[in-house]
Amino acid sequence: MTQLLRVQNFNVSRDGYGAGENQSFERPFGHADPATLAAWAFATASWPNRTEPGGSRGLDDYFTRDFHHNIGAEIMGRNKFGPQRGPWQDLEWQGWWGDEPPFHTPVFVMTHHVRPSFTLSDTTFHFVNADPHTVLAMAREAANGRDVRLGGGATVIREFLDAGLVDTLHVAVSDVELGGGSRLWESPDELDDRYHHEVVPSPSGVTHHLFWR
């Protein structure tokens, strides 16, 4: 059975940025507002952190429900794990997600500065200094036959795209501009020479871009 490398529910601005500038502990997305970029997902009935009944159905809800389907491991860049740069100064700090991270799988964090693996609930974080092909091989082995999700940020997704490793992408484009930060693309049409590409507007105001080989 083929193990896919999937980018799912990755949010970018109209000008192609997945995060803003000046990332910090207090502002993981820099000057970008995640509540704006991901508002379409937060409003769905299937959003996992929903505390009240209700929420939207339809296409947005489908993508929210599909986020964990058949995922056995995750790959992310160090900037998605935390805002630190250079050698790790504080090994006690274990990411932005608290004691119950939302991944529920092994997670491979790409970094030039490795640190010991650790487990929070049912998520184990591994820190690896390797090229995309090697990291993907490690993640596929850990996924036990299921797919691997490439969680971002934008720089890491571009590395795997440039290496020809991404099988499917779902990118949700919000109608806001950031003007700077971590950029996935200048135009989604950049990928049209490598992928089939469907564009699906949603009543929520985002535009879903679907790519597959």
Side-chain angles (χ1 to χ4, degrees), residues 5-43 47 49 60 63-64 67 74-90 93 95-97 101-103 107-113 127 129 131-132 135 149-166 168-195 197 199-202 204-211:
L5 179 62
R6 296 156 49 187
V7 175
Q8 285 185 275
N9 299 11
F10 190 74
N11 300 292
V12 302
S13 61
R14 188 170 60 238
D15 49 350
Y17 293 97
E21 298 172 321
N22 302 315
Q23 181 192 43
S24 67
F25 278 106
E26 295 75 21
R27 298 185 66 86
F29 287 82
H31 77 283
D33 179 8
T36 299
L37 287 178
W40 66 273
F42 297 162
W47 178 247
N49 295 332
D60 290 350
F63 284 123
T64 304
F67 185 68
E74 169 122 358
I75 298 170
M76 68 173 64
R78 179 171 174 176
N79 290 6
K80 182 173 179 179
F81 177 82
Q84 305 98 329
R85 304 293 185 269
W88 298 94
Q89 302 297 321
D90 180 10
W93 192 79
W96 275 302
W97 303 282
F103 307 105
V107 175
F108 293 84
V109 182
M110 297 179 68
T111 173
H112 294 300
H113 300 275
F127 300 84
N129 182 11
D131 63 273
V135 175
R149 184 171 55 228
L150 182 58
T155 301
V156 166
I157 293 175
R158 287 302 317 193
E159 287 182 21
F160 280 80
L161 284 170
D162 292 344
L165 297 175
V166 178
T168 67
L169 300 87
H170 163 231
V171 180
V173 179
S174 296
D175 192 24
V176 297
E177 288 201 9
L178 293 180
S182 179
R183 198 170 204 174
L184 180 64
W185 56 42
E186 292 188 17
S187 167
D189 298 342
E190 295 170 12
L191 304 180
D192 285 356
D193 61 335
R194 286 174 276 174
Y195 295 94
H197 179 194
V199 182
V200 186
S202 167
S204 63
V206 300
T207 302
H208 297 287
H209 289 258
L210 306 173
F211 302 86

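Just so it is clear, the model here is predicted, and its values are computed rather than measured. Both backbone and side-chain heavy atoms feed into the values below; hydrogens, waters and symmetry mates do not.
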Test item: His31 side-chain N/O and Leu178 main-chain N/O as donor-acceptor pair under 3.5 Å: yes
Residue pair Leu150 / Val166, side-chain heavy-atom distance below 4.5 Å: yes
Close side-chain approach of His208 and Asp60, heavy atoms under 4.5 Å: yes
Residues Phe81, Val107; criterion side-chain contact (heavy atoms from CB on, under 4.5 Å); working and verdict: CA-CA 10 Å; Phe81 177 82; Val107 175; over 6 Å; no
For Leu37 against Ala32, the heavy-atom pair lying closest together: CD1-CB, 4.2 Å
Contact check, side chains of His209 and Leu169, non-hydrogen atoms, under 4.5 Å: no
Contact check, side chains of Arg183 and Asp15, non-hydrogen atoms, under 4.5 Å: yes
Cation-pi check, Arg194 onto Phe211 ring (under 6.0 Å, within 45° of axis): no
Backbone N/O of Arg6 and side chain of Arg149: donor-acceptor pair under 3.5 Å: no
From CA spacing to verdict: side-chain contact (heavy atoms from CB on, under 4.5 Å), Phe29, Tyr17: CA-CA 10 Å; Phe29 287 82; Tyr17 293 97; over 6 Å; no
Validation row: Asp131, Glu159 side chains within 4.5 angstrom (heavy atoms): no
Exam field: side chain Ser202 to backbone Ser204, donor-acceptor pair closer than 3.5 Å: yes
Test item: Trp47 and Trp40 side chains (from C-beta on) under 4.5 Å apart, heavy atoms: no
Phe127 backbone acceptor or donor facing Arg78 side chain under 3.5 Å: no
CD1-CD1 distance between Ile75 and Ile157, expressed to the nearest 0.5 angstrom: 11.0 Å
Verdict with reasoning, Thr155 to Asn79, per side-chain contact (heavy atoms from CB on, under 4.5 Å): CA-CA 9 Å; Thr155 301; Asn79 290 6; over 6 Å; no
Taking every non-hydrogen atom, the tightest pair across Asp193 and Glu190: OD1-O, 3.3 Å
Flag side-chain contact, heavy atom, 4.5 Å: Met76 against Val156: no
Residue among Phe63, Tyr195, Phe10 satisfying ring-ring contact (aromatic ring centres under 6.0 Å, His included) with His170: Phe63
Pair His113-Asn129, side-chain hydrogen bond (donor to acceptor under 3.5 Å, both in side chains): steps then yes or no: CA-CA 7 Å; His113 300 275; Asn129 182 11; over 6 Å; no
Gln23 side-chain N/O to Pro28 backbone N/O, donor-acceptor pair under 3.5 Å: yes
Evaluation steps, side-chain contact (heavy atoms from CB on, under 4.5 Å), between Val109 and Lys80: CA-CA 9 Å; Val109 182; Lys80 182 173 179 179; over 6 Å; no
Check: Ser24 side chain, Arg27 main-chain N or O, donor-acceptor pair, under 3.5 Å: yes
Ala38 versus Asn11, closest heavy-atom pair with distance: CB-ND2, 3.7 Å
Within-4.5 Å side-chain heavy-atom neighbours: Arg158 and Trp185: yes
CZ/Phe108: more than 12 non-hydrogen atoms of other groups inside 6.0 Å: yes
